Each structure stands twice: as structure tokens, then as C-alpha cells.
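Heads up: the structure comes next, in C-alpha cells.
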Amino acid sequence: MSSRLSPALSPAHSVLQGVFGYEQFRGPQQDIVEHVIAGGDALVLMPTGGGKSLCYQVPAIVRQQQGRGVTIVVSPLIALMHDQVGALHEAGVSAAFLNSTLSFDEAQEVELRLQTGDITLLYAAPERLNTPRFLGLLDSLYEGGHLSLFAIDEAHCVSQWGHDFRPEYRALTVLHQRYAGVPRIALTATADALTRADIVERLQLEGAQHFVSSFDRPNIRYTIVEKKDATTQLLRFIEREHAGEAGVVYCQSRKRVEELAATLSNAGITALPYHAGLDTKVRQRHQDRFLREEGIVMVATIAFGMGIDKPDVRFVAHVDMPKNIEGYYQETGRAGRDGLNADAWMAYGLQDVVNQRRMIDESPAGEEFKQVMRGKLDALLALAEATDCRRVRLLGYFGEQSTPCGNCDNCLNPPAVWDATDAARKLLSTIYRVNQASGISFGTGHIMDVLRGKKTEKVAQFGHEKVSTFGIGADLTEPQLRGVLRQLIATGAVGLQKVMLDSGHSFDTLCLTEGSRAVLKGEVPVQLRESVSSASSKRTRRST
Ligand code: ADP
Ligand code: ZN
């Protein structure tokens with residue numbers, strides 16, 4: 001093609017066309033590439049599938065042509081390294097990787113090629129970078145002026161606030177100090193404001209230009225349903241909307257993964273389990289099948305997904321709630337990389353709130369860390385409880401303004417809301433009265449019974465039919481009351497207190513908090529979605 005020979009083409013453009021076979025840069029790629037070629041530092045935030053790889057691959061090749069030597073790409077994902085190096089070879093680019101899969105001899109050969117200037121892009125696992133041997137190699141390249149660029153992929157791994165902290169990433173601080181003047185580009189697809197600031201601080205990227213793309217994935221439809229029987233709801237969702245299509249179902253525990261994979265299989269869905277407790281060979285086999293075959297549903301813990309580049313994942317389902325919005329965004333982002341319609345579906349219930357709160361409370365982390373994690377959880381709970389556009393909230397969390405999307409559950413079927421302020425006050429006063437009457441706190445079931453005026457054995461045992469709130473919630477259904485309770489716990493207006501039994505078991509009891517007062521006084525309105533018996537079944541199938 002004559003355009004390839006056009007003298008007007010910049011070096012970056014001719015690499016894009018000549019090596020990668022693409023006509024044009026996408027979105028902010030060109031600005032990023034030129035900034036880095038010129039020797040600037042960059043922090044790139046771009047959603048999955050946005051085209052981050054080219055942002056360092058093109059500069060690596062151009063800078064190599066300029067005689068500046070090798071680019072070191074730091075990546076935590078071995079599978080991704082292999083894929084990328086393979087693809088670069090096919091494009092005729094000299095690339096290699098150094099990671100634990102290489103034998104000593106193979107690693108030595110790569111090191112030799114590195115020294116002779118034969119490699120344009122070297123992919124290395126972060127733990128490599130910290131070895132004296134590898135640093136020695138880099139030192140000699142640096143002294144000879146042959147260290148061109150550092151690309152730090154999955155840069156959120158450096159932050160403990162991120163959703164995938166990897167201590168080895170901390171060692172990357174050394175790059176800036178030891179190899180002053182070598183430009184660095186850090187890239188990530190998920191980082192909220194806090195994580196971003198932490199990346200900048202940890203990697204000493206204060207001077208870096210930030211390139212922030214829109215995080216919107218317009219082809220993903222977000223739906224969050226109230227959890228009743230998650231398994232049945234999931235089955236119905238898959239059968240109605242994604243029969244025979246590839247998807248990922250995230251669960252919190254390994255046990256749940258196995259059970260759910262079995263249930264789906266029994267229902268005639270090709271489902272495979274994946275979690276860190278499975279044998280490496282089994283995991284590899286399941287992953288390969290998921291990538292190669294059509295219509296496989298992977299039932300997995302969050303151990304699955306990083307670096308898996310399957311374009312036609314039609315849905316990502318959560319039967320348990322993730323820890324925070326970053327995790328939710330990252331996991332749901334694995335759907336629809338091909339740009340075609342895809343679903344992000346989550347079933348969310350009271351127990352999710354209780355579990356996540358408890359996990360934070362019981363973690364061995366320090367109080368500051370717990371506070372941050374609670375804040376992040378609260379943001380996700382607000383998203384789950386939202387009755388307005390999910391996407392507006394999701395993007396807002398990442399600092400992006402938008403207008404209602406027309407492609408989430410709340411936009412498509414605006415939920416009927418009811419004013420639950422009065423019900424919330426009844427619930428709070430019942431917790432107060434019951435706890436006060438007995439001097440101990442009680443669990444959800446008992447509080448519900450008192451509210452609804454049920455004369456159970458326990459009620460009789462504690463004389464709770466005599467408290468003034470006994471039966472004041474009889475006009476409300478149990479699902480309604482549970483919805484109110486869920487929202488009160490989600491917003492912190494009801495606290496959970498763990499009680500240990502002599503048997504060694506423990507259970508959560510309900511108590512009032514600082515946040516209760518405003519609700520009791522009626523200062524904070526409580527708006528709840530009308531409980532629809534099967535929110536997902538009301539949806540009409542898309543006509544695409
Ligand atoms: P990310 O790492 O951000 O998830 P990738 O770098 O894997 O994204 O790119 C996603 C897909 O988009 C890849 O298949 C890639 O080849 C393609 N791509 C990236 N940039 C361009 C471009 N400028 N023109 C056409 N295709 C592109
Ligand atoms: Zn919307």
C-alpha cells in the first residue's frame with residue numbers, strides 16, 4: 001500500500017500500520033504513544049479491551065529503532081506474557097519473557113540475547129525485577145544507554161487499596177531511583193481515586209502525565225436483583241437470556257463454586273469449576289476448555305479471570321457480592337470485550353451485606369485499612385441499593401460524570417419505590433426495646449418475630465410480647481421488613497454484633513449505631529424498591 005511509504009507518516013504511525021496492521025490509533029493511544037516516545041512518564045487508565053498494550057509496544061519499537069535499546073514490561077500474568085510474546089513474534093518483533101516457566105538454560109539464553117541488544121520487548125514477572133542477577137543485567141544495559149523504557153502493566157497491583165495487591169510490585173519503586181531518566185508508563189483498567197493516588201506515590205510517578213479514558217462499557221447491561229434463591233435465579237437467567245453462551249459465574253467460596261458448577265451441569269449447562277484449591281492441571285484444563293470451546297460457563301472464585309482474554313463472554317454473574325466497586329467493575333468487565341451486547345448480573349441480599357461487613361471486621365488488618373475497606377464496601381452497597389441508573393453511579397465512582405444510560409435494569413424498568421421511613425423507624429425501635437428489655441442483643445429472626453407479633457417460644461421465654469413495639473410491623477410482609485433491614489445495615493443505621501455461643505458457634509445480632517438516630521427521628525428518608533417477585537423475568541429479551 002502506498003500509504004505505508006508516505007513520508008508524512010510519523011514513526012509511531014508507520015509502526016502501527018507496518019507492524020501491527022492497524023490503520024489508526026484508537027482513542028487516546030496516539031497521545032500516549034507520542035508522549036512516551038518523547039521520553040515522558042505516563043499513567044494510563046483505560047478499560048479492559050481499550051488497547052493498552054499498543055501504548056507501550058509501539059513506543060518500544062520506535063525507541064528501539066532510535067537506538068535506545070530494550071523496553072522492560074512488568075506483568076504479573078504469565079499467560080498474558082506468553083500470548084503477547086507469541087503475537088509479537090508473529091508480527092516480526094523480537095520479544096521474550098523471563099518468568100518461572102523457563103528452565104535455567106532458557107533463562108540464560110534470554111539474558112544473553114538481552115545483553116547483545118537482540119530484544120525489543122522483554123516481559124518480566126515483578127519478582128524477577130528484584131533479583132540481584134536481573135538488576136545487574138539492567139545496570140549494565142543502563143550504563144550502556146540501552147535501557148529504553150519501563151512499562152508497568154496492571155499497575156493497581158502496587159496499591160494495597162487496589163483489589164489485587166501484590167507485594168512484589170512494591171519493589172518497582174527501585175526503577176525510578178536506580179534508572180533515573182528512563183521513562184516509565186504505568187497502565188491499569190481499574191483504579192478509583194484512592195488507588196490512583198497510591199499508584200502515583202508508590203511508583204513515584206509524580207511527574208507523569210495522566211491519560212484517563214472513559215470507563216464506560218456501553219455494551220454491558222448492568223442488572224442487580226434481590227437475592228431470593230440465587231441458584232434458581234441464576235438458572236432462570238442463563239436459560240432465558242444466555243442459553244448455550246459463554247459466561248462466568250463468580251462465587252465467594254470454593255465449596256459454593258463446586259456445588260453450583262454441579263447444579264448447573266445437572267441442569268444441562270456445560271459448567272466447569274475453577275478455584276485456587278483445584279489441582280493446577282485441572283484448572284489449566286478448565287481454562288483451556290473455556291477459551292477454546294463455545295458456550296462454556298465457568299463457575300469460579302476471583303482466582304479466575306485476570307489476563308483471560310476471551311472476547312465473546314456474554315455474561316458475568318455474581319451470586320455473591322464482591323468486596324468493592326473496583327472488584328465488581330473488573331470482574332464484570334470480562335463480559336463483552338468484542339463490543340457486542342453482554343450482561344453483568346448480580347443477585348444481592350442481606351446475607352451479602354452481613355458477610356462482607358464481617359470479613360472486614362474480622363480481618364487481621366489495622367484499623368485504618370479497615371476504615372478504607374468499609375468505605376469501599378459502602379459505595380458498592382449504595383450501587384446495589386440504588387433505584388436510579390447503575391451506570392451513572394458506577395462511572396461516578398471512578399470520577400466520571402454521565403447521564404442515565406438506558407441500558408441498565410433501573411433505566412429499562414424503573415423500579416417502583418415505596419417510602420420505608422416509617423417501617424425503618426419501627427424496626428429500629430424494636431431493636432432498641434427488645435435489647436433494652438433483656439440487656440442482650442438478638443438476631444434478625446427474633447427481631448422480625450417481635451415486629452410481626454409472632455408468639456414464638458423465644459418470645460415467650462424473654463417476655464417480649466410485653467415490649468411496646470410487639471406487633472407494630474404486622475402490616476408489613478417479611479420480605480418488606482428484610483428489605484428495610486438490609487438497607488439499614490447497608491447504610492450503617494443498624495450495626496451487627498457478633499455473639500459467641502458456648503458451643504463455639506457464633507451468630508450476628510442487631511444493635512443500634514450512631515447512624516440510627518437520624519433515621520429514628522425521621523431525618524433520613526428511607527426509599528426502597530418495591531420487591532418484585534422476579535425482577536429478571538420481567539425483562540424482555542433484546543432483539544439483537
Ligand atoms: P487491554 O490490554 O486494554 O485490555 P488490548 O491491548 O489487549 O487491550 O487490546 C484489545 C484489542 O484491541 C486487541 O485485540 C487489540 O489488537 C485491539 N486494538 C488495540 N488498538 C487497536 C487499534 N488502534 N486499532 C485496531 N485494533 C486495536
Ligand atoms: Zn442506566
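Computed from a prediction, not measured in an experiment: that's the story for all the values here. In each ligand, atom 1 is the first atom listed, and ligand 1 is the first ligand listed.
Judged by distance alone, the side chain of Asp320 and the main-chain N or O of Gln252 form a donor-acceptor pair under 3.5 Å. In terms of modelled atom types and a separation under 3.5 Å, the side chain of Gln330 and the main chain of Ala189 share no donor-acceptor contact. In this structure, Arg202 contributes its side chain and Ala197 its backbone to no donor-acceptor pair below 3.5 Å. In terms of modelled atom types and a separation under 3.5 Å, the side chain of Arg486 and the main chain of Val353 share no donor-acceptor contact. Using a distance-only test at 3.5 Å, with no hydrogens or angles considered, no donor-acceptor pair links the side chain of Arg217 to the main chain of Pro47. A donor-acceptor pair under 3.5 Å links the side-chain atoms of Lys52 to the main chain of Met46, judged by distance alone.
Nearest protein heavy-atom neighbour of atom 21 (C) of ligand 1: Leu54 CD1, 3.8 Å. At the shortest separation from atom 20 (N) of ligand 1 among protein heavy atoms lies Gln29 NE2, 2.9 Å. Among protein heavy atoms, the minimum distance from atom 3 (O) of ligand 1 is reached at Lys52 NZ, 2.8 Å. Among protein heavy atoms, the minimum distance from atom 10 (C) of ligand 1 is reached at Gly49 O, 3.6 Å. For atom 27 (C) of ligand 1, the nearest protein heavy atom (residue, atom name, distance) is Arg26 NH2, 3.4 Å. Gln24 O, 3.7 Å is the protein heavy atom nearest to atom 22 (C) of ligand 1. Protein heavy atom closest to atom 13 (C) of ligand 1, with residue, atom name and distance, is Tyr22 OH, 4.6 Å.
Under a 4.0 Å criterion applied to the non-hydrogen atoms of Ser53, ligand 1 contributes the atoms 2 (O), 5 (P), 6 (O), 7 (O).
Annotation: His13 is in aromatic contact with Phe25 [ring centroid separation under 6.0 Å]. The six-membered or imidazole ring of Phe290 lies away from that of Tyr274, with a centre-to-centre distance of 6.0 Å or more. In this structure, Tyr169 has its ring center at least 6.0 angstrom away from the ring center of His156. For His242 and Phe237, the distance between ring centers is under 6.0 angstrom.
When only interatomic distances are considered, the shortest N/O to N/O separation between Thr48 and ligand 1 does not fall below 3.5 Å. Considering both main-chain and side-chain atoms, Gly51 comes within under 3.5 Å of ligand 1 through a nitrogen or oxygen pair.
Counting only protein atoms, the N, O or S atoms lying less than 2.8 Å from the Zn ion (ligand 2) are Cys389 SG, Cys405 SG, Cys408 SG, Cys411 SG, ordered by chain and residue number.
When non-hydrogen atoms are compared, ligand 1 lies under 4.0 Å from the backbone of Pro47 (N, CA, C, O) but not from its side chain. Under 4.0 Å from ligand 1, the heavy atoms of Phe25 that appear belong solely to its backbone.
Proximity of atom 17 (C) of ligand 1 to the protein is indicated by at least one non-hydrogen atom lying closer than 4.0 angstrom.
The CD atom of Glu385 lies 10.5 Å from the CG atom of Leu380; values are rounded to the nearest 0.5 Å.
Across Tyr397, Phe398, Tyr222, a single residue satisfies ring-ring contact (aromatic ring centres under 6.0 Å, His included) together with Tyr329, and that is Phe398.
Between Asn407 and Ile220, the shortest heavy-atom distance links the atoms ND2-O, 3.7 Å.
Judged by the shortest distance from any of its heavy atoms, Met46 lies outside the 4.0 Å radius around the atoms of ligand 1.
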